[in-house]
Novice: 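Just dropping this structure here.
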Amino acid sequence: MRDRSSVGVVCGLLMLVGALLAGCQSPSAGVAEDGRLGEPATGTSAAVSPSATRPSGYGAVFLAVDECSSFGTTSFTEVPCAGERAAARVVARHDGAVREGPRCPATTDFVLHISEQRPASDEDGDGAVPRGYACMRNLQPPHPGDPGGGGGPRTVVGDCVYSSGDGQVRETACDGKGERKPEYRVTRAVTGRADCPGSTALYVRLGGDRPVGCARPL
């Protein structure tokens, strides 16, 4: 009787172990990346590329267009645009040096120069961000890149300048609230000096398709 009882206990344990093992098997349906059950498995495993697992939106590309940076033009980080640390939004993003690449939009407030670095998150996950520059627009006023704003990387029609000596001019706010009072206002952008109106007293280098700015005295 003792031997028969022992055999019965062993058989019962074997059946219980078998049931537990069966419960640990994968279901016949595939599992989607978001954890939901998908279509029935085909028996083959699909390779997932790194780009398929890379997050989208904030952080997917370092300072991509429409993403935001923290305060500062020399030390900065990419931050969510809705966060309290967000200061400016990227309106254009280019690789390489500023002097070699496309010009920033006319209303750009400032330019962030991005040196090659190794942040925790970047374009392709290799830890490196190529050298480039981001054209930035402040989330809140003031906007020095606006016409007459007194700053920005470009001089545009509507901006005011003053003579800084040696035939050079610098931009200043047209409302007179800058460090220097405005002396001239750029009223027109043309392809050559001959196209400026007779009231022009100063020619300002603008660059682009219409590189000459016609400025009149204030």
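The analysis underlying the following values was restricted to heavy atoms, covering all of them including side chains, and did not include hydrogens, waters or symmetry mates.
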Novice: Scan residues 150-191 for pairs that pass disulfide bond (SG atoms under 2.5 Å apart), counting only residues two or more places apart or in two chains.
Specialist: C160-C174

Novice: Closer than 3.5 angstrom, by distance alone: can the side chain of D109 be matched with the main-chain N or O of M136 as a donor-acceptor pair?
Specialist: no

Novice: Looking at CD of E100 and CG of D95, how far apart are the two atoms once the value is rounded to the nearest 0.5 Å?
Specialist: 11.5 Å

Novice: What closest approach, in Å, do A201 and P217 show between heavy atoms, and which atom pair accounts for it?
Specialist: CB-CD, 3.5 Å

Novice: How long is the span from the CD atom in E183 to the OG atom in S164, to the nearest 0.5 Å?
Specialist: 9.5 Å

Novice: Would you please test H143 and N138 for side-chain hydrogen bond (donor to acceptor under 3.5 Å, both in side chains) and show each step?
Specialist: CA-CA 6 Å; H143 293 291; N138 292 330; 4.7 Å; no

Novice: Compare every heavy atom of S69 with every heavy atom of L63, then report the nearest pair and how far apart it is.
Specialist: CD2-CB, 4.1 Å

Novice: Distance from R103 atom CZ to T108 atom OG1, nearest 0.5 Å?
Specialist: 10.0 Å

Novice: Calculate, to the nearest 0.5 Å, the distance between atoms CG and CZ belonging to L112 and F76 respectively.
Specialist: 4.5 Å

Novice: Applying disulfide bond (SG atoms under 2.5 Å apart), which residue pairs with at least one partner in residues 176-218 are found, sequence neighbours left out?
Specialist: C196-C214

Novice: Test of understanding: clusters of I, L, V, M, F, W, Y form through side-chain heavy atoms closer than 4.5 Å, transitively. Do V156 and V161 belong to the same one?
Specialist: no

Novice: Which heavy atom of G178 sits nearest to which heavy atom of A173, and what is that distance?
Specialist: N-CB, 4.2 Å

Novice: Using side-chain hydrogen bond (donor to acceptor under 3.5 Å, both in side chains) as the criterion, list what pairs up with R85, not counting sequence neighbours.
Specialist: T77

Novice: Measure the CG-CZ distance between L139 and R89 for me, rounded to the nearest 0.5 Å.
Specialist: 5.5 Å

Novice: Quick one: list whatever passes side-chain hydrogen bond (donor to acceptor under 3.5 Å, both in side chains) with T191, sequence neighbours left out.
Specialist: D195

Novice: Between Y162 and V204, is there a shared hydrophobic cluster once you connect ILVMFWY residues whose side-chain heavy atoms come closer than 4.5 Å?
Specialist: no

Novice: Under a 4.0 Å threshold between the charged nitrogen and the carboxylate oxygen, would D66 count as salt-bridged to R93?
Specialist: no

Novice: Over all heavy atoms of both residues, which pair between P197 and R188 is shortest? Give the atoms and the distance, please.
Specialist: CD-NH1, 4.0 Å

Novice: Would you say the ring centers of Y133 and H94 fall short of 6.0 Å from each other?
Specialist: yes

Novice: Give the minimum heavy-atom separation between V186 and G213, together with the two atoms involved.
Specialist: CG1-CA, 4.1 Å

Novice: Could you note down all residue pairs passing salt bridge (Lys or Arg N to Asp or Glu O under 4.0 Å) where residues 198-218 supplies at least one of them, sequence neighbours left out?
Specialist: none

Novice: Test question: given the 4.5 Å side-chain rule for I, L, V, M, F, W and Y, name all other residues clustered with V190, or answer none.
Specialist: Y203, V212

Novice: Begin with the C-alpha distance, continue with both residues' side-chain angles, and end with the deciding distance and a verdict on side chain to side chain contact (heavy atoms under 4.5 Å, CB included) for R154 and L206.
Specialist: CA-CA 7 Å; R154 293 179 53 182; L206 303 180; over 6 Å; no

Novice: Are V91 and V98 connected into the same hydrophobic cluster when the rule is that any two of I, L, V, M, F, W, Y join if their side-chain heavy atoms are below 4.5 Å apart?
Specialist: no

Novice: Hey, does R185 have a side-chain heavy atom less than 4.5 Å from the side chain of D159?
Specialist: no

Novice: For E179, I'd like to know if atom CD has over 12 heavy atoms of other residues, nucleotides or ligands within 6.0 Å.
Specialist: no

Novice: Could you go through E67 and E78, starting from their C-alpha distance and side-chain angles, then the distance that decides it, and tell me whether this counts as side chain to side chain contact (heavy atoms under 4.5 Å, CB included)?
Specialist: CA-CA 8 Å; E67 291 180 347; E78 180 183 316; 3.1 Å; yes

